[in-house]
Amino acid sequence: MPELPEVETVRRDLQRRLVGRTIRAASIVQPDILRRTGPVQLVNTLVGSEVVSAERRGKNLVIRLEREVALLVNLGMTGQLVVGAADHRAEAHTHLIAALSDGGVLAYRDVRRFGHLELAPFDRLEESFTLRNVGVDALSPEHTPERLHEAMSGRTALLKGALLDQSMIAGLGNIYVCEAMFRAGLSPRARCRDLSREDVVRLHDAIRAVLTESIAAEGTTISDYVTGAGVPGGFQERLRVYGREGQVCTTAGCEHRIERIVQSNRSTFYCPGCQANPPGME
DNA sequence: AAGAAGTCCTGGGCGC
DNA sequence: TGCGCCCAGGACTTCT
């Protein structure tokens, strides 16, 4: 479940380990992970290209290459993008493997294949399959309480669902939505339009705080996520509601147990004490 | 037209 | 021991 902190961690590793190196050879094992890009086109574009920079938009990586073309990567749920040593042994479900100029290897692996790769020219990034519906990044200065409040106003959707909508805020997934709602003391059953300005300010602060803290811990590893160096993150130790069904709430003095409900076929974890139902709801 | 539901995909966990 | 069922969920497509 690479969400913003996990993707940012991978980006930082790519910045350190990949930028400035040239791709000498590449092979694509599973062409169905490509979007709007042919396997031959991918290989021809990668081979001989130096990597210029590694950027991030929401949960997506933008790896800029020479000749004004970027490799866009969405890791889906189980995607891994790792820069390894020359003797890196490709595990099962490795779909792209590229040899680097000084002997290293760039490998893309994705067990469930929900992720994808795409090539797009610099001047067409906004129209690409990968980025066309990606809104303001959750850690961008443009993501302000005012903007969030504006985006929420009038919406009848559940808060949970809205926060997962990448066109509204880019970068949150199920884990950090649960954690941010907990920190802000907002019920997962709340509806967007019912949030007060103060609610939105707390939510905005909670989102930034949990994402920033997780980046510092190199992200959350529940099952498949690894950093660009191929190692697990550490924030799973600090989750306060996600995956903690039945455990006592970590808030001092709160004796409630964390509950799990299903909203649009997704698990939501929350504390019924700290995140009381909105007024008018049983 | 917004919002909800369905779909893809595979490995791990569990029950019998 | 092993088979089969169910679950996890990001983001698109389809339905209401």
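Just so we're on the same page: letters track the sequence lines, and every chain starts at 1.
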(message) Whole angstroms only, please: what is the CG-P distance between A:Leu4 and C:dA11?
(response) 11 Å
(request) Could you please name the option among C:dA8, B:dA2, C:dA11 that lies closest to any side-chain atom of A:Lys59? (result) C:dA11
(request) Grab the NZ-P distance between A:Lys160 and C:dG10 for me, whole Å please. (result) 9 Å
(message) Without decimals, in angstroms, what is the distance between A:Leu164 CG and B:dG3 C1'?
(response) 13 Å
(request) Could you list by number each residue of residues 70-79 of chain A showing a heavy-atom separation from DNA chain C of less than 4.0 Å, or answer none if no residue does? (result) A:Asn74, A:Gly76, A:Met77
Restricting both atoms to N or O, compile the protein contacts to nucleotides 7-10 of chain B shorter than 3.5 Å, with distance only.
| residue | atom | partner | partner atom | Å |
| --- | --- | --- | --- | --- |
| B:dT10 | OP1 | A:Arg113 | NH1 | 2.9 |

(message) Counting only heavy atoms not in A:Glu150 (residues, nucleotides, ligands), do more than 12 fall under 6.0 Å from its CD?
(response) no
(request) Note the angle between the end axes of the helix from B:dA2-C:dT16 to B:dC16-C:dG2, five pairs defining each, rounded to 10 degrees. (result) 50°
(message) Please tell me if A:Arg260 has a side-chain N or O lying less than 4.0 Å from either OP1 or OP2 of C:dC7.
(response) no
(request) Determine the interplanar angle of the A:Phe269 and A:Tyr242 rings, folded into 0 to 90°, and report it as parallel if under 30°, tilted if 30 to 60°, perpendicular if over 60°. (result) perpendicular
(request) Could you tell me which residues satisfy side-chain contact (heavy atoms from CB on, under 4.5 Å) with A:Arg67, sequence neighbours excluded, listed by chain and number? (result) A:Ser49
(message) I need the NE2-P distance between A:His116 and C:dG9, as an integer number of Å.
(response) 20 Å
(message) Quick check on DNA chain C: between A:Arg132 and A:Ser267, whose nearest nucleotide comes earlier from the 5' end?
(response) A:Ser267
(request) Could you state the atom-to-atom distance from CE of A:Met152 to C1' of B:dG3 in whole Å? (result) 15 Å
(message) Which Ile, Leu, Val, Met, Phe, Trp or Tyr residues join A:Val226 in one cluster when any pair of side-chain heavy atoms under 4.5 Å counts as a link?
(response) A:Val82
(message) Students often mix this up, so state it plainly: with edges at 30° and 60°, are the rings of A:Phe129 and A:His116 parallel, tilted or perpendicular?
(response) perpendicular
(message) Using a 4.0 Å heavy-atom cut-off, does A:Arg191 contact any base of the nucleic acid, only the sugar-phosphate backbone, or nothing at all?
(response) sugar-phosphate
(message) Without decimals, in angstroms, what is the distance between A:Gln263 CD and C:dA8 C1'?
(response) 16 Å
(request) Check each residue of residues 216-228 of chain A for a non-hydrogen atom within less than 4.0 Å of any atom in DNA chain C, then write out the ones that pass by number, or none. (result) none
(message) Nearest 0.5 angstrom please: A:Thr212 OG1 to A:Ile207 CD1, how far?
(response) 11.0 Å
